[in-house]
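Everything below concerns the one structure shown next.
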Amino acid sequence: MNRYSRITGTGSFLPPRRLTNAELAAQLALQGVETSDEWIVERTGIRARHFVDDGVFSSDLALEACKSALQAAGLTPQDIDLIIVATSTPDMVFPSTACILQNKLGANGGAAFDVQAVCSGFVYALTVADAMIRTGSSKRALVVGAEVFSRILDFKDRTTCVLFGDGAGAVVLEASGTPGILASDLHADGKHVGILCVPGHVSNGHILGDPLLKMDGQAVFKLAVGVLEEAARATLAKANLTEAGIDWLIPHQANIRIMQSTARKLKLSMDKVVVTVDQHGNTSAASIPLALDTAVRQGKVKPGDTLMLEGVGGGFTWGAVLLNL
Ligand code: UT7
């Protein structure tokens, strides 16, 4: 019998502190940084974001998302033999956030590691988990995206600090005799490292270089709209499907204009695109599982639906996963 992997539960979590654009703009104005609700909504579609309080880490957000994904799957942490966390804002330099999460869950003993592909992290992690399940090295995985981007934002840079937020999303991925994940397509082009990065690093007890996020937004935008279409088409071709076979497009939630452009290129109506960026801004690796879980819990996305998940971000990295829920 062929062995495949399927998503059997989804979960997500946003920290309680929510800032609307107007609230963030008022705070930034106190530091002489000028922005407005109108600019942010028109250029990005974002209306609010959630920020963690001091002392809360990616693993804490991941823990809540995992608990609800496990509950949805009808499983306990002890059923899990693999945890992959996609994050660019890990709790520590090491060990991995996945190990810290594993201990908080009480799911000790299985494999646990982080994947670092910035905003493409979740599609990378899902692809790795699918491969590990299909080859028999794992039976039941938690695949998580969790971020505290508020910790790496430069609140004096209005071109970036209004865009990002904190959050986590998770799925339970289980071995199955029927295909869930149908195909995936991952890429990176390291020559674009500089257009989206946090260049600082720890050295001899000091941080060397700037530890805050830098982005050339226009360069990222241009690359993103091209590669998202390519990745979707490549993934469909691997599964012998066309865009007509997609019930829902669940793209990385960075900017509504990028999502609209991708939908247009794939000839999909915006009614088929899951959009949650308005509610949480760009949560990097957490954004796709956050959007997926929101749509599942709203009853929009249903078992049996064919979903195209797409990520793009720092690296430069991009990729897509096509699956039957
Ligand atoms: O997660 C990884 C993927 N990341 C992304 O997908 C981000 C991709 N890039 C984008 O989403 C967009 O490029 C941004 C939202 C970052 C910027 O939108 P844009 O339409 O490319 O704006 P822009 O950079 O061309 O800036 C237009 C104007 C500038 O003023 P001038 O030079 O025209 O006078 C900026 O200084 O908007 C100004 N501006 C702002 N104004 C008010 C930039 N940021 C702000 C702000 N509030 N927060």
Side-chain angles (χ1 to χ4, degrees), residues 19-49 86-89 116-124 145-150 152-167 169 187-189 192-198 212-229 231 250-263 265 273 275-278 280-291 309-320:
L19 267 92
T20 62
N21 291 343
E23 286 163 341
L24 180 63
Q27 284 188 11
L28 293 173
L30 298 175
Q31 304 164 44
V33 175
E34 199 187 314
T35 188
S36 66
D37 177 50
E38 293 70 31
W39 190 94
I40 302 170
V41 171
E42 191 191 309
R43 300 288 175 132
T44 71
I46 297 165
R47 293 183 184 274
R49 75 284 296 133
T87 186
S88 302
T89 46
Q116 170 34 310
V118 201
C119 304
S120 311
F122 187 75
V123 290
Y124 267 69
E147 303 282 12
V148 288
F149 259 53
S150 58
I152 53 167
L153 294 178
D154 179 354
F155 286 97
K156 292 192 175 62
D157 176 8
R158 69 177 183 172
T159 69
T160 53
C161 73
V162 301
L163 305 176
F164 295 88
D166 303 336
H187 298 274
D189 186 347
H192 299 296
V193 163
I195 63 171
L196 178 48
C197 59
V198 177
L212 299 176
L213 184 148
K214 305 271 166 280
M215 180 168 75
D216 177 345
Q218 288 190 5
V220 172
F221 194 106
K222 273 185 209 141
L223 276 172
V225 292
V227 298
L228 286 172
E229 181 192 7
I250 309 187
H252 170 45
Q253 306 287 312
N255 187 322
I256 186 75
R257 292 187 292 141
I258 296 177
M259 294 187 246
Q260 287 162 340
S261 157
T262 308
K265 289 181 176 205
V273 183
V275 177
T276 56
V277 70
D278 53 323
H280 52 66
N282 184 344
T283 56
S284 194
S287 91
I288 294 172
L290 256 166
L309 314 185
E310 285 207 281
V312 60
F316 201 70
T317 55
W318 66 97

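Counting starts at 1 for both ligands and their atoms, in listed order. The figures here come from the full heavy-atom set of this structure, side chains too, leaving out hydrogens, waters and symmetry mates.
At the shortest separation from atom 11 (O) of ligand 1 among protein heavy atoms lies N255 ND2, 2.7 Å. With hydrogens left out, the protein atom closest to atom 29 (C) of ligand 1 is R158 NH2, 5.0 Å, a heavy atom. Looking only at protein heavy atoms, the nearest one to atom 46 (C) of ligand 1 is T35 OG1, 3.3 Å. If you check which protein heavy atom lies closest to atom 2 (C) of ligand 1, you get C119 SG, 3.4 Å. Nearest to atom 37 (O) of ligand 1 among the protein's heavy atoms is W39 NE1, 3.0 Å. When hydrogens are left out, the protein atom nearest atom 24 (O) of ligand 1 is Q218 NE2, 3.8 Å; that is the closest non-hydrogen contact. If you check which protein heavy atom lies closest to atom 22 (O) of ligand 1, you get R43 NH1, 3.3 Å. Here the heavy atom of the protein found nearest to atom 16 (C) of ligand 1 is L163 CD1, 3.8 Å.
Under 4.0 Å from ligand 1, the heavy atoms of I258 that appear belong solely to its side chain. No part of V118 comes within 4.0 Å of ligand 1, judged by heavy-atom distances.
Atom 34 (O) of ligand 1 is never approached by the protein to below 4.0 angstrom, counting heavy atoms only. For atom 6 (O) of ligand 1, a protein heavy-atom neighbour is found at a distance under 4.0 Å. Within 4.0 Å of atom 42 (C) of ligand 1, at least one protein heavy atom is present. Contact annotation for atom 20 (O) of ligand 1: protein present (non-hydrogen atoms, distance under 4.0 Å).
Selection from D157, V220, I256 by nearest heavy atom to atom 4 (N) of ligand 1 gives V220. Residue N282 holds the heavy atom nearest to atom 1 (O) of ligand 1 of all those in N21, N282, T283.
Every atom of ligand 1 is numbered from 1 in the order shown, and the set under 4.0 Å from a heavy atom of T44 is 15 (C). For ligand 1, the atoms lying closer than 4.0 Å to a non-hydrogen atom of V162 are 48 (N). Those atoms of ligand 1 that come under 4.0 Å of a heavy atom in L196, given as number and element, are 2 (C). The distance from ligand 1 to the heavy atoms of V312 drops below 4.0 Å at these ligand atoms: 2 (C). Near A254, with a cut-off below 4.0 Å to any heavy atom, the atoms of ligand 1 are 5 (C), 6 (O).
By the 3.5 Å distance cut-off applied to N or O atoms, S36 is not counted among the residues near ligand 1. For ligand 1, the polar-atom distance check finds an N/O of G217 within less than 3.5 Å of one of the ligand's N/O atoms. At under 3.5 Å, a nitrogen or oxygen of R257, whether backbone or side chain, sits near a nitrogen or oxygen of ligand 1.
Applying side chain to side chain contact (heavy atoms under 4.5 Å, CB included) to T160 and the options L213, N282, L196 leaves one that passes, L213.
For Q253 (side chain) and P251 (main-chain N/O), a donor-acceptor pair under 3.5 Å exists by modelled atom type. Remark: the backbone N or O of A146 is paired with a side-chain donor or acceptor of T87 at under 3.5 angstrom.
Relative ring orientation between W318 and H187 is described as parallel, the plane-to-plane angle staying below 30° on a 0-90° scale split at 30° and 60°.
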I would like to know whether M215 and L163 meet side chain to side chain contact (heavy atoms under 4.5 Å, CB included); could you show each step before the answer? CA-CA 11 Å; M215 180 168 75; L163 305 176; 3.4 Å; yes
